[in-house]
Number of protein chains: 2
Amino acid sequence: METLQLTSSDRTTFLGSRFFVRLPRSTVDAILEDTRLSTYEEHDVLFHQGDSIDDVFFLLSGLIRLYRVGKDGREADVAVFSKGEMFAENAMCLGRATASAEAAEASIVARIDGAKLRQLAAADADVAQAFIEHLCHRGKMTEDLLAQDRLLTAPQRVASYLLGHCPNGTATSFSFRLPFQKSVLAGKLGLAPEALSRAFSTLRQSGVTVKGRMIEIHDRHALERF
Amino acid sequence: METLQLTSSDRTTFLGSRFFVRLPRSTVDAILEDTRLSTYEEHDVLFHQGDSIDDVFFLLSGLIRLYRVGKDGREADVAVFSKGEMFAENAMCLGRATASAEAAEASIVARIDGAKLRQLAAADADVAQAFIEHLCHRGKMTEDLLAQDRLLTAPQRVASYLLGHCPNGTATSFSFRLPFQKSVLAGKLGLAPEALSRAFSTLRQSGVTVKGRMIEIHDRHALERF
DNA sequence: CGTTTGTTTGAAGATGATCAACGTAAGTGG
DNA sequence: CCACTTACGTTGATCATCTTCAAACAAACG
């Protein structure tokens, strides 16, 4: 975890992200002014549940897993973030982190000073608005996860995840590469890795082929029916 | 669902709620200015998942259940609100309701005009700030639910719920009345009513007595260990 | 009182977790 | 480039937990 410089490609990532897109360039610059970069290796922990942190995190590359730990030490993922996503906004408002965060692969993270962001949000309604929209979106994401956990079986959850990666066009078949290890996907879907594996073999009957991280969906509609 | 007048007790509810407490009286008045009241009977539906609504709802009395419906028609609660809580803020930002809402008992609801609230938030940083804090809190709530679903068994979830209602003092025993039907609690905890019932009988061994809606906890620490 | 609604209990079934073993892919270093 | 090693993924078997359906029971309400 060392400090680096902000590259121009990092700037692009910032500007293209959900939070920053709508904001004028000058505002973004103000926010990024004293932003510290940190790099993490796989399994490095960014912070622990309950830590008092006053920063907002922005992922420039890699993969971050947000999780809670049960009394018995078992971990449950609450969210998984990839490049261009902002996280730990809750901590800034509530004072303490509601979950722990660790790198699921080597990652580069920008830490935005919470005090500064609050101050900017108070002064600039656009920033506040962007923040509000971001929080709504995050809320929907966890609500989605919760509903999926409560309504869908393992194969259905996987099918739902896969469909979320299909383009909305007319094409009935589609293929793509998993953006992370299967064990990470399992965690994100609230499944044991074995359960994910079995879910994939169930879906083979519905025209899903898996080779390594490559996924082929031969008939989207068969998945939707599932 | 008819329109009524705002009573002074309603005003108290507003002023005491998490969202409004920090705001100056004049701001609250501005927000409430053209707020419509509606009453609902048990099982009345306020809106459906996907409806485009541009209002924020505030519960003055009763009980509202937010839920999603699966393809097979099964319902999964995403949140349950009681007097003094604000909900459906997501819909205002995202344009469409992310879940359906129905009254779990006779309820009185105030509908705050979304456009007006947005406009106020843009003009008044305090309102924006209150909104942000509210969203953070809601986010934490659903995150809590998700983590509980993934980490705890049924009796543990019930124990956790009960502990949430114990005062933080030194008292080791405590009793209170469930604020709603057991079937509602079951939904909130993501359990079938039968599972909740069985969870309660399991907890009897740990000193929990249930008679109707009355709950007695004889030893808080026994529950914490669970 | 009797009817309706909510809750409990029982028995069966489904689903996913866990543990252990095996297979496979990906590095690593000679 | 090949053998070795390690991490990841799959498969099988078993077990715990929760759901579901059915029936009994209790409470609330007319």
Side-chain angles (χ1 to χ4, degrees), chain A residues 41-43 63 65 70-77 103-106 145-146 148-161 177-205 208-215 226, chain B residues 41-43 63 65 70 72-77 103-106 145-146 148-160 177-205 208-215 226:
Chain A
E41 294 304 314
E42 193 172 341
H43 299 130
L63 200 66
R65 211 169 62 85
K71 277 205 290 284
D72 52 0
R74 271 175 41 239
E75 299 182 352
D77 286 19
E105 58 183 50
L145 278 185
L146 181 63
Q148 280 189 10
D149 270 29
R150 293 188 168 180
L151 288 172
L152 306 181
T153 66
Q156 286 174 326
R157 272 183 274 192
V158 176
S160 155
Y161 173 82
R177 188 182 153 81
L178 283 181
F180 34 61
Q181 286 187 177
K182 292 198 182 138
S183 53
V184 174
L185 177 58
K188 183 176 159 120
L189 299 179
L191 298 171
E194 296 95 325
L196 176 64
S197 184
R198 285 186 241 269
F200 271 128
S201 24
T202 302
L203 292 180
R204 237 193 331 251
Q205 302 158 10
V208 175
T209 314
V210 181
K211 270 213 185 89
R213 285 196 190 174
M214 283 306 300
I215 311 280
F226 211 93
Chain B
E41 294 304 314
E42 193 172 340
H43 299 129
L63 200 65
R65 211 167 62 84
D72 52 359
R74 271 174 43 238
E75 299 182 352
D77 287 19
E105 59 183 50
L145 277 185
L146 181 65
Q148 280 189 13
D149 270 28
R150 293 188 168 180
L151 289 172
L152 305 181
T153 66
Q156 286 174 327
R157 272 183 278 199
V158 176
S160 155
R177 188 181 153 80
L178 282 181
F180 32 62
Q181 285 188 179
K182 291 196 184 138
S183 52
V184 174
L185 177 58
K188 183 177 159 118
L189 299 179
L191 298 171
E194 297 95 324
L196 175 65
S197 182
R198 286 186 240 269
F200 271 128
S201 28
T202 302
L203 291 179
R204 234 187 340 245
Q205 302 156 11
V208 175
T209 314
V210 181
K211 270 214 187 85
R213 284 196 189 174
M214 284 306 300
I215 311 280
F226 212 93

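These values consider heavy atoms only, across backbone and side chains, with no hydrogens, waters or symmetry-generated copies. Sequence lines set the chain letters: A, B, ... in the order given, protein chains first and strands last, and positions in each chain run from 1.
Regarding contacts with the backbone of C:dT7, a side-chain N or O of B:Ser183 is found under 4.0 angstrom from either OP1 or OP2. Phosphate contact (OP1/OP2 of D:dA27, side-chain N/O of B:Lys211, threshold under 4.0 Å): absent.
Between the CG atom of A:Asp149 and the P atom of D:dT19 there is a distance of 13 Å, given to the nearest Å. As rounded to whole Å, 18 Å separates atom C1' of D:dG9 from atom CE of A:Met214. With rounding to whole Å, B:Leu151 atom CG is found 15 Å from D:dT17 atom P. In this entry the distance linking NE2 of A:His43 with P of D:dT6 reads 17 Å, nearest Å.
Distances were taken from every side-chain heavy atom of A:Ala195 (C-beta onward) to each of D:dT19, C:dG16, D:dC18; the shortest belongs to C:dG16. Nearest nucleotide to the side chain of B:Leu191, out of D:dT19, C:dG16, C:dT7: D:dT19.
Within 4.0 Å of B:Glu194, counting heavy atoms only, lies at least one base atom of the nucleic acid. Residue-level contact check: B:Arg74 touches the backbone only, with heavy atoms under 4.0 Å from sugar-phosphate atoms and none from bases.
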Side-chain atoms of residues 177-197 of chain B: list all donor-acceptor pairs with protein atoms under 3.5 Å, sequence neighbours left out, distances to 0.1 Å.
{"residue": "B:Gln181", "atom": "NE2", "partner": "B:Ser183", "partner atom": "OG", "Å": "3.0"}
{"residue": "B:Lys182", "atom": "NZ", "partner": "B:Gly212", "partner atom": "O", "Å": "3.1"}

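The rotation axes computed at either terminus of the helix from C:dC1-D:dG30 to C:dA21-D:dT10 lie 30° apart, taking five pairs at each end and rounding to 10 degrees.
Non-hydrogen atoms lying under 4.0 Å from DNA chain D are contributed by B:Arg198, all within residues 196-203 of chain B.
When the shell of 6.0 Å around CD of A:Glu41 is examined, it contains 12 or fewer heavy atoms from other residues, nucleotides or ligands.
Remark: A:Lys71 NZ to B:Leu152 CG distance equals 7.0 Å, nearest 0.5 Å.
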